[in-house]
Amino acid sequence: MYPTKCKVQGSVFVLLWVLVAVACLAKAQNKFELQGMDGGFPSLDSMLQWAVGHSDPAKLKEAAVEAQRLSPEELEKRRVVIKGLMEDLRMPSDAALMKRAIADINNSSLSTEGHFRALLELLELSAPIENANDLNKLGGLTALVKELNREEKELRTIAAWVLGQASNNNPVVQKQITELNVLPKLMEMVKSSCSEEAVKALYAVSAIIRNNPDGQAVFYFEGGAHMLQDIMANDSSDIRLRRKSVFLVADLAEQQFELEASGATSIFEASKEYLKSVVDLMAVPDLDIQEKALVALNRLLQVGDKNVQILRDFGQLELALERLRFHLRELMQDENQGDFLRDIEAQRQEVEIMLRKKL
């Protein structure tokens with residue numbers, strides 16, 4: 001005798017209820033692991049397999065016994081519950097989550113806290129390069145640009161952070177952001193009295209213009225070199241800003257050297273004040289800045305003979321290098337910093353050798 005349709009459906013419902021019950025138990029016990037799954041469950045089978053694999057066999061047996069006692073009416077009620085639970089366990093794709101976050105950012109009636117939360121979600125979601133490439137077509141870049149004009153500095157800061165992260169080593173997004181003419185606004189934010197906003201804005205500027213000739217053209221046209229010079233020369237500037245500034249100087253000098261080596265004409269010529277501000281950083285009592293300044297000077301010496309003359313005469317580079325040598329020798333008495341100090345001394349010697357060769 002064949003089983004009736006009702007019995008077949010009942011058996012299916014029993015199986016589903018058992019597995020969903022297990023999935024719920026697993027969800028409660030392993031919520032952090034579940035949240036960490038990239039992309040969620042692609043199918044019902046994969047969801048159920050995950051639930052069984054993360055369940056307690058004793059609890060599975062207990063749930064099965066309980067489900068067998070249910071009447072057809074109760075099973076029908078459970079079917080409705082099952083559907084809702086399944087939807088809860090189906091994690092949306094990154095694209096769906098990005099759309100939701102972007103919609104919240106564009107929602108003018110949403111609270112500041114809601115906007116902040118949406119920006120943080122977008123920051124996390126846009127980290128993978130494939131997700132960053134989807135930002136523009138989902139309307140994310142336009143939404144972020146609008147956030148840069150918000151009154152709340154916290155929102156402006158996170159928005160700049162997202163733009164920087166999305167464009168980091170990503171020519172596609174760099175081009176899109178450059179075309180949106182965002183750089184002038186970000187450079188204005190670098191001058192903010194709020195250190196965190198200024199740091200994140202400079203991070204975004206650096207990420208957007210790195211290996212991006214069009215972006216660098218805008219940067220220099222908008223007074224970017226003078227902006228960096230002011231930060232490096234200002235003792236009251238946030239130390240993070242000074243580090244990021246001299247690092248960017250080194251990065252731009254390296255790209256300028258590569259450009260000139262290819263036979264192209266450089267669009268930037270460093271001023272005396274700009275070059276001297278880099279030399280003066282070697283006297284700042286911060287080993288990280290001193291190291292970055294030496295890296296920048298090494299690269300600047302390779303870009304044009306004019307830089308060499310300015311650094312020697314106006315910047316008094318030879319004297320600054322000698323002072324740094326004595327300073328490092330004194331610090332080397334502290335064995336805890338020995339390796340790092342020796343690395344800095346090696347870089348100092350490289351700059352000294354490079355200067356002599358050029359002269």
Side-chain angles (χ1 to χ4, degrees), residues 168-169 190 195 198-199 202-203 205-207 209-211 224-225 227-258 261 268 270-359:
N168 193 27
N169 296 317
V190 173
S195 295
V199 168
L202 183 54
Y203 162 70
V205 170
S206 301
I209 68 174
R210 184 171 295 118
N211 294 314
M227 178 191 76
L228 295 177
Q229 174 191 317
D230 285 346
I231 294 172
M232 291 186 293
N234 188 352
D235 291 336
S236 62
S237 293
D238 188 291
I239 195 71
R240 295 172 297 169
L241 275 178
R242 301 183 87 183
R243 289 172 183 160
K244 287 183 180 295
S245 293
V246 70
F247 183 83
L248 181 54
V249 167
D251 199 32
L252 291 171
E254 181 177 20
Q255 293 169 45
Q256 185 179 358
F257 173 76
E258 293 173 354
F268 172 65
S271 67
K272 295 189 297 183
E273 292 76 15
Y274 178 88
L275 295 171
K276 189 175 188 305
S277 65
V278 181
V279 175
D280 291 344
L281 286 178
M282 287 194 293
V284 174
D286 182 277
L287 292 175
D288 194 24
I289 283 187
Q290 291 170 354
E291 180 191 33
K292 287 178 170 56
L294 287 168
V295 172
L297 288 165
N298 196 329
R299 295 175 182 175
L300 287 166
L301 284 169
Q302 299 177 54
V303 183
D305 294 336
K306 187 175 180 180
N307 281 357
V308 177
Q309 296 298 325
I310 293 175
L311 286 168
R312 186 194 65 176
D313 300 334
F314 185 76
Q316 297 185 318
L317 179 55
E318 290 174 297
L319 178 60
L321 288 169
E322 187 65 12
R323 287 174 175 170
L324 181 59
R325 182 173 71 86
F326 282 108
H327 176 62
L328 292 174
R329 181 183 297 176
E330 292 177 359
L331 293 177
M332 282 182 186
Q333 296 177 11
D334 182 358
E335 296 182 357
N336 293 328
Q337 302 185 84
D339 291 341
F340 186 39
L341 291 169
R342 280 188 284 273
D343 289 342
I344 297 177
E345 171 58 19
Q347 291 179 351
R348 189 201 68 81
Q349 291 177 19
E350 285 183 20
V351 173
E352 198 168 50
I353 293 171
M354 175 70 69
L355 179 61
R356 289 172 181 169
K357 283 183 177 179
K358 291 289 184 176
L359 293 175

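Numbering starts at 1 and runs along the sequence shown.
- Rounded to the nearest 0.5 Å, atoms CG (Leu275) and CD (Glu273) are 9.0 Å apart.
- We find that Arg243 and Asp286 are joined by a salt bridge, their nearest charged nitrogen and carboxylate oxygen being less than 4.0 Å apart.
- Side chains of Arg299 and Val249 form no contact here, defined as non-hydrogen atoms less than 4.5 Å apart.
- Tyr274 approaches Ala270 most closely through the heavy-atom pair CD2-CB, 3.6 Å.
- The CG atom of Leu287 sits 11.0 Å away from the NZ atom of Lys292 when rounded to the nearest 0.5 Å.
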Glu345 vs Leu341, test: side chain to side chain contact (heavy atoms under 4.5 Å, CB included). Steps then yes/no. CA-CA 6 Å; Glu345 171 58 19; Leu341 291 169; over 6 Å; no
With side chain to side chain contact (heavy atoms under 4.5 Å, CB included) as the test, would you mind laying out the steps for Val279 and Gln316 before giving the verdict? CA-CA 8 Å; Val279 175; Gln316 297 185 318; 6.0 Å; no
List the atom pairs, with distances to 0.1 Å, where a side-chain N or O of residues 306-313 and a protein N or O form a donor-acceptor pair under 3.5 Å, not counting sequence neighbours.
unit_1: Lys306; atom_1: NZ; unit_2: Glu269; atom_2: OE2; d: 2.5
unit_1: Asn307; atom_1: ND2; unit_2: Leu300; atom_2: O; d: 3.2
unit_1: Asn307; atom_1: ND2; unit_2: Val303; atom_2: O; d: 2.9
unit_1: Gln309; atom_1: OE1; unit_2: Arg312; atom_2: NH2; d: 3.2

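- The distance from atom CZ of Arg210 to atom CG of Asp251, rounded to the nearest 0.5 Å, is 4.5 Å.
- You'll find the side chain of Gln347 reaches within 4.5 Å of the side chain of Val295, heavy atoms only.
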Counting only pairs under 3.5 Å, give me each side-chain donor-acceptor contact of residues 350-359, with atom names and distances, residues two or more places apart or in other chains.
unit_1: Glu350; atom_1: OE1; unit_2: Asn298; atom_2: ND2; d: 3.4
unit_1: Glu352; atom_1: OE2; unit_2: Arg348; atom_2: NH1; d: 3.4

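- Within a 6.0 Å radius of CZ in Phe268, more than 12 heavy atoms belonging to other residues, nucleotides or ligands are found.
- Contact check for Lys244 versus Leu248: no side-chain heavy atoms found under the 4.5 Å cut-off.
- Of all the heavy atoms in Lys276 and Gly315, the pair that sits closest is CG-CA, 4.1 Å.
- Note that CD1 of Ile289 and CD of Glu291 are 11.5 Å apart. Values are rounded to the nearest 0.5 Å.
- Between Ser195 and Arg240, the shortest heavy-atom distance links the atoms CB-NH2, 3.8 Å.
- Interatomic distance, CG of Leu294 versus CE of Met282, reported as 6.0 Å (0.5 Å rounding).
- Nearest heavy atom pair, residue Val246 against residue Ala293, reads CG2-CA, 3.7 Å.
- Across every non-hydrogen atom of Gln290 and Pro285, the tightest pair is NE2-CA, 4.3 Å.
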Applying side chain to side chain contact (heavy atoms under 4.5 Å, CB included) to Ile231 and Val190, what does each step give before you reach the verdict? CA-CA 9 Å; Ile231 294 172; Val190 173; 3.7 Å; yes
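- Using a distance-only test at 3.5 Å, with no hydrogens or angles considered, a donor-acceptor pair links the side chain of Gln255 to the main chain of Asn211.
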Name the atoms and distances for all side-chain donor-acceptor pairs under 3.5 Å in residues 322-332, with sequence neighbours left out.
unit_1: Glu322; atom_1: OE1; unit_2: Arg325; atom_2: NE; d: 3.4
unit_1: Glu322; atom_1: OE2; unit_2: Arg325; atom_2: NE; d: 3.3
unit_1: Glu322; atom_1: OE2; unit_2: Arg325; atom_2: NH2; d: 2.4

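- Distance check, rounded to the nearest 0.5 Å: CG of Asp238 to OG of Ser245 gives 10.0 Å.
- Between Ala250 and Ala296, the shortest heavy-atom contact is CB-CA, 3.6 Å.
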